[in-house]
Amino acid sequence: MRYLVLIYNSEAALNALSEEERGANWAGYGAFNAEVGQRGVLRAGEPLQPSATATTVRVRDGKTLTTDGPFAETHEQLGGFYLLDCKDLDEAIELAAKIPDAQMGSIEIRPIFELGNNRP
């Protein structure tokens with residue numbers, strides 16, 4: 001089953017990390033990427049640019065409205081994602097707990113709704 005694993009963290013807290021802490025965080029991601037690659041469950045994964053670079057789009061009464069930045073002010077921002085093809089939710093949870101930002105942020109796991117030939 002495919003799971004979208006969303007990584008939330010505080011951009012302010014990440015920006016406050018020392019060079020040594022930032023290096024350790026990136027090394028942790030390197031180890032995580034190696035493990036999910038070795039297991040054969042990694043389908044995609046990327047870090048995102050800061051939330052200030054986001055554009056929010058809404059359509060109201062047929063008009064497209066755009067807003068700079070994220071939709072809502074939050075303490076944690078979406079910082080990246082992985083798409084993992086795990087045998088079950090337990091494996092997805094096991095792997096999500098190994099994502100370095102789980103130590104200071106949060107990781108959301110969402111199963112992919114498989115459309116295939118069974119469209120709703």
Side-chain angles (χ1 to χ4, degrees):
M1 174 149 210
R2 293 183 306 153
Y3 294 92
L4 186 62
V5 179
L6 302 167
I7 303 164
Y8 291 93
N9 50 37
S10 165
E11 290 175 352
L14 288 174
N15 290 335
L17 293 176
S18 69
E19 286 299 318
E20 183 178 316
E21 292 168 324
R22 189 171 285 121
N25 190 44
W26 278 112
Y29 272 100
F32 179 79
N33 290 337
E35 180 173 346
V36 294
Q38 181 181 19
R39 286 190 186 196
V41 299
L42 180 62
R43 298 296 173 261
E46 298 288 342
L48 300 176
Q49 293 286 335
S51 61
T53 66
T55 301
T56 300
V57 177
R58 295 176 191 80
V59 177
R60 301 292 185 267
D61 299 320
K63 294 182 182 175
T64 300
L65 308 170
T66 62
T67 305
D68 291 340
F71 175 71
E73 292 291 324
T74 61
H75 294 289
E76 294 181 337
Q77 294 78 38
L78 179 61
F81 72 93
Y82 285 100
L83 179 60
L84 303 177
D85 194 355
C86 298
K87 65 182 179 207
D88 55 27
L89 180 58
D90 290 336
E91 182 181 26
I93 292 170
E94 172 204 345
L95 290 169
K98 294 180 179 183
I99 295 173
D101 283 337
Q103 299 297 316
M104 61 177 159
S106 60
I107 310 298
E108 179 181 353
I109 301 169
R110 299 276 301 268
I112 300 294
F113 187 86
E114 302 289 354
L115 293 175
N117 294 327
N118 300 319
R119 293 185 182 262

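Only a predicted model underlies this, so the values are computations on that prediction, with no experimental measurement involved.
Under the side-chain contact (heavy atoms from CB on, under 4.5 Å) criterion, Leu42 pairs with Val36, Tyr82, Leu84, sequence neighbours left out. A search for side-chain contact (heavy atoms from CB on, under 4.5 Å) contacts involving Leu83 returns Arg2, Arg43, Ala44, Ile112, not counting sequence neighbours. Annotation: side-chain hydrogen bond (donor to acceptor under 3.5 Å, both in side chains) contacts of Ser10 (sequence neighbours excluded): none. Under the rule for a salt bridge (Lys or Arg N to Asp or Glu O under 4.0 Å), Glu46 has no partner lying at least two apart in sequence or in another chain.
To the nearest 0.5 angstrom, Arg58 atom CZ is 12.0 Å from Thr64 atom OG1. Annotation: the span from Thr55 atom OG1 to Asp68 atom CG amounts to 5.5 Å, rounded to 0.5 Å.
Enclosure of atom CZ in Arg110 is not indicated, since only 12 or fewer non-hydrogen atoms of other residues, nucleotides or ligands lie within 6.0 angstrom.
Ile99 and Met104 are members of different hydrophobic clusters when ILVMFWY side chains are connected at heavy-atom separations under 4.5 Å.
Within the 4.5 Å cutoff, side-chain heavy atoms of Asp101 are placed close to those of Asn25.
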Show the atom names and distances, to 0.1 Å, of all donor-acceptor pairs under 3.5 Å that link a side chain in residues 88-97 to residues at least two apart or in another chain.
| residue | atom | partner | partner atom | Å |
| --- | --- | --- | --- | --- |
| Asp88 | OD1 | Asp90 | N | 3.2 |
| Asp88 | OD1 | Glu91 | N | 2.9 |
| Glu91 | OE1 | Lys87 | N | 2.7 |
| Glu91 | OE2 | Arg39 | NH1 | 3.3 |
| Glu94 | OE2 | Arg39 | NH2 | 2.5 |

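Of the possible donor and acceptor atoms, one in the side chain of Arg22 sits under 3.5 Å from a partner among the backbone N and O of Leu14. Counting only distance, with no hydrogens or angles, the side chain of Glu11 and the backbone of Ser51 share a donor-acceptor pair below 3.5 Å.
Heavy atoms only, all atoms of each residue included: Pro100 and Gly28 are closest at CG-C, 3.4 Å. Considering all non-hydrogen atoms of both residues, Pro111 and Tyr3 come closest at CA-CD2, 3.7 Å.
Sorted by first and then second residue, the ring-ring contact (aromatic ring centres under 6.0 Å, His included) pairs involving residues 5-31 (not counting sequence neighbours) form an empty list.
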